[in-house]
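Note sheet for the following structure.
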Amino acid sequence: MSAPGPVIGRVIGGRPRERRRTRAWWLARAYLNLVPTAAALAWGVAHGGRPVVGRDLFVECGGMRRGYARGGTTVGSVWLHGGLGGPERRRHEARHADQWAVLGPLLMPALYGLEAALTGADPRRSRFERHAGLEDGGYAPRRGSCTASDPTPDEVPGAPPRRR
């Protein structure tokens with residue numbers, strides 16, 4: 001029997017002990033993000049958002065007319081967006097909520113902003129966006145930007161064989 005892995009970013013499932021640890025993380029994240037979450041919730045509702053609280057205590061505030069950056073913004077445990085939605089994006093944004101909980105309401109925006117300045121606001125180069133999952137966040141890789149660690153089409157499980 002292997003030891004349970006890290007709680008952050010885990011999907012519900014597995015053994016009951018892991019589920020309890022995941023629920024414990026959700027409660028801790030909600031508590032640690034309480035102040036920025038309250039502010040973001042007020043902001044979202046003021047801009048026409050409709051908040052929906054998930055069982056993981058992560059709030060999706062969709063349908064906003066304005067008041068968020070790019071496709072959406074996570075502040076604390078609230079994802080502010082105009083209608084992007086979807087389970088992949090939600091998973092990506094929930095990982096940003098984890099980052100808020102770990103770094104706090106002072107360090108998270110400061111470090112995220114500093115990194116955006118240093119990377120030219122390219123999400124593919126941002127440690128925060130990479131940790132949250134580029135594909136889940138809808139950030140497609142730049143054409144021709146394969147790295148040595150990227151699998152070739154022949155190595156991707158389930159990919160059709162390449163014609164030669």
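Just the heavy atoms: all of them, side chains too, but no hydrogens, waters or symmetry mates, feed the values below.
The two residues Ala101 and Arg29 make their nearest non-hydrogen contact at CB-CG, 3.9 Å. Leu118 and Arg125 get closest at one heavy-atom pair: O-NH2, 3.8 Å. Shortest non-hydrogen contact noted between Leu134 and Pro123 is CD2-O, 3.5 Å. Nearest heavy atom pair, residue Trp100 against residue Thr74, reads NE1-O, 3.0 Å. Annotation for Asp98 and Trp25: closest pair OD1-NE1, 2.9 Å, computed over non-hydrogen atoms.
Here the side chains of Arg130 and Tyr139 are not in contact, with every heavy-atom distance at 4.5 Å or above.
Leu32 and Val59 are assigned to two separate hydrophobic clusters, defined by single-linkage of ILVMFWY side chains at heavy-atom distances under 4.5 Å. Leu34 is not connected to Met108 by any chain of hydrophobic side-chain contacts under 4.5 Å among Ile, Leu, Val, Met, Phe, Trp and Tyr, and they are in different clusters. Both Val53 and Leu80 sit in one connected hydrophobic cluster of ILVMFWY residues. Membership requires side-chain heavy atoms under 4.5 Å apart, directly or through other members.
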Identify each donor-acceptor pair in which a side-chain atom of residues 109-117 lies under 3.5 Å from a protein atom, sequence neighbours left out, and give them as a table.
unit_1, atom_1, unit_2, atom_2, d
Tyr112, OH, Glu129, OE2, 2.4
Glu115, OE1, Arg127, NH1, 2.7
Glu115, OE2, Ser126, OG, 3.2
Glu115, OE2, Arg127, N, 2.5
Glu115, OE2, Phe128, N, 3.4

Give the table of side-chain donor-acceptor pairs shorter than 3.5 Å for residues 36-50, with sequence neighbours excluded, one pair per line with atom names and distance.
unit_1, atom_1, unit_2, atom_2, d
Thr37, OG1, Asn33, O, 2.7
Thr37, OG1, Ser77, N, 2.8
Trp43, NE1, Gly67, O, 2.8
His47, ND1, Trp43, O, 2.9

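Under the 4.0 Å criterion applied to side-chain N and carboxylate O atoms, Asp136 and Arg90 are not assigned as salt-bridge partners.
The aromatic rings of Trp79 and His81 lie tilted to each other, with the angle between the two planes from 30° to 60°.
Rounded to the nearest 0.5 Å, atoms CD (Glu60) and CG (Leu84) are 9.0 Å apart. Between the CG atom of Leu57 and the CH2 atom of Trp26 there is a distance of 8.0 Å, given to the nearest 0.5 Å. With values rounded to the nearest 0.5 angstrom, His131 atom NE2 is found 11.0 Å from His92 atom NE2. Residue Phe58 holds its CZ atom at 12.5 Å from CZ of Arg91, rounded to the nearest 0.5 Å.
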